[in-house]
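Note sheet for the following structure.
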Amino acid sequence: MLKANLRSEQTDGLLKGLAVLGLSPNVWTLLSLAPAVGGLVALLQHHLAAALALYVLSGFIDMVDGAVARATSQVTARGAYIDGVVDRYVELLLYLGLLSYIGPGEFLSLPRDAWFMLLVFGALMTSFSRAYADHRGVVKDPGELKRMGGLLERGERLILLYAGMVAGLANTEWLMAAVAVAAVLANCTALQRISFAVRH
């Protein structure tokens, strides 16, 4: 939802100038993986601020691919598919890095890695519940599929985690709290979508 809202004429106007570089939208999409890998390495080396900057850069490049596609009339279903797949790999790299950075221990009486498992599962189920509703024909209308929405879609989930990274510069527990909140809300979002599909 957030990513769609960012696709304004003003945003496209600022980013579509990068089309003069001659890179295809799919190349821009794949380029977003590079800073995400760098962010993972930074987290493995306990450089939280550098990791945050690299993941924000990855998100910026992810916005460029769509703007370039629209500016050059290269919007395709294949491009959207590649974009969605790469988005999930970027997210996985973030989760792996944060898990390594935070390290072992407990938070609210649960092992920290359990919170990350809940976060990954919630993130997967949020996407899966919509895709499977479409695949099984439970929700057929594209407009209805978009209406499935929910509390915490991918864009909002990442913003919450990035805010946690900023707070984590002062205290790692704040970062862990952001992970826990994201895990809970991601699973609530999945349940919202499941409920929508069943009621529909």
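This chain uses plain numbering: 1 for the first residue, then up along the sequence.
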Just do the side chain to side chain contact (heavy atoms under 4.5 Å, CB included) check on M165 and L98 with the steps written out, would you?
CA-CA 9 Å; M165 291 171 76; L98 291 178; 4.0 Å; yes
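- Y81 contributes atom OH, which lies 13.5 Å from atom OG1 of T29 (distance to the nearest 0.5 angstrom).
- A chain of hydrophobic side-chain contacts below 4.5 Å, direct or via other Ile, Leu, Val, Met, Phe, Trp or Tyr residues, connects F116 to L96.
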I would like to know whether L52 and V166 meet side chain to side chain contact (heavy atoms under 4.5 Å, CB included); could you show each step before the answer?
CA-CA 8 Å; L52 175 59; V166 172; 3.5 Å; yes
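- Residues F128 and F121 are members of one and the same hydrophobic cluster, defined by side-chain heavy-atom contacts under 4.5 angstrom among Ile, Leu, Val, Met, Phe, Trp and Tyr.
- By the neighbour-count criterion of 12 heavy atoms within 6.0 Å, atom CE of M125 is densely surrounded, having more than that number from other residues, nucleotides or ligands.
- Here the straight-line distance linking atom CG of L169 with atom CH2 of W174 works out to 14.0 Å at 0.5 Å rounding.
- Between Y95 and L119, the closest heavy-atom pair is CE2-CD2, 3.5 Å.
- V181 and I102 are members of different hydrophobic clusters when ILVMFWY side chains are connected at heavy-atom separations under 4.5 Å.
- Summarising the geometry, atom CG belonging to D83 is positioned 10.0 Å from atom OG1 belonging to T76; distances are rounded to the nearest 0.5 Å.
- Contact check for M117 versus L99: no side-chain heavy atoms found under the 4.5 Å cut-off.
- Checked by atom type, the side-chain pair S195/R199 shows a donor-acceptor distance below 3.5 Å.
- W115 places a side-chain N or O within donor-acceptor distance of the main-chain N or O of F107, the cut-off being under 3.5 Å.
- Heavy-atom minimum distance, L152 versus A186: CD2-N, 4.2 Å.
- For L158 against E91, the heavy-atom pair with the smallest separation is CD2-CG, 4.2 Å.
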Quick one: do Y132 and I194 satisfy side chain to side chain contact (heavy atoms under 4.5 Å, CB included)? Show the steps, please.
CA-CA 10 Å; Y132 203 55; I194 293 167; over 6 Å; no
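- Side-chain contact between P104 and D113 is absent, with no heavy-atom pair separated by less than 4.5 Å.
- Checked by atom type and distance alone, the side chain of R112 never pairs as donor or acceptor with a backbone atom of M176 at under 3.5 Å.
- One side chain, R88 or S127, offers a donor N or O that lies under 3.5 Å from an acceptor on the other.
- Taking a cutoff of 4.0 Å between a charged side-chain nitrogen and a carboxylate oxygen, R130 and E144 do not qualify as a salt bridge.
- Remark: Q45 CD to Y101 OH distance equals 13.0 Å, nearest 0.5 Å.
- The backbone N or O of T126 lies less than 3.5 Å from a partner atom in the side chain of R193, making a donor-acceptor pair.
- How far CG of L44 is from OG of S100: 4.5 Å, rounded to the nearest 0.5 Å.
- Follow the hydrophobic side-chain contacts under 4.5 Å out from V27 and you never reach Y89; the two are in separate clusters.
- Here the side chains of L40 and Y55 are in contact, with some heavy-atom distance below 4.5 Å.
- Counting only distance, with no hydrogens or angles, the side chain of T189 and the backbone of L185 share a donor-acceptor pair below 3.5 Å.
- No donor-acceptor pair under 3.5 Å is formed between the side chain of E156 and the backbone N or O of L151.
- Contact between L93 and A36 at its shortest, heavy atoms only, is CD1-CB, 3.8 Å.
- Looking at every heavy atom in both residues, L118 comes nearest to N187 through O-ND2, 2.9 Å.
- No chain of hydrophobic side-chain contacts below 4.5 Å, direct or via other Ile, Leu, Val, Met, Phe, Trp or Tyr residues, connects M148 to V198.
- Taking both residues in full, the closest heavy atoms of L161 and A182 are given as CD2-CB, 4.1 Å, listed atom of the first, atom of the second, then distance.
- With values rounded to the nearest 0.5 angstrom, K140 atom NZ is found 10.5 Å from D134 atom CG.
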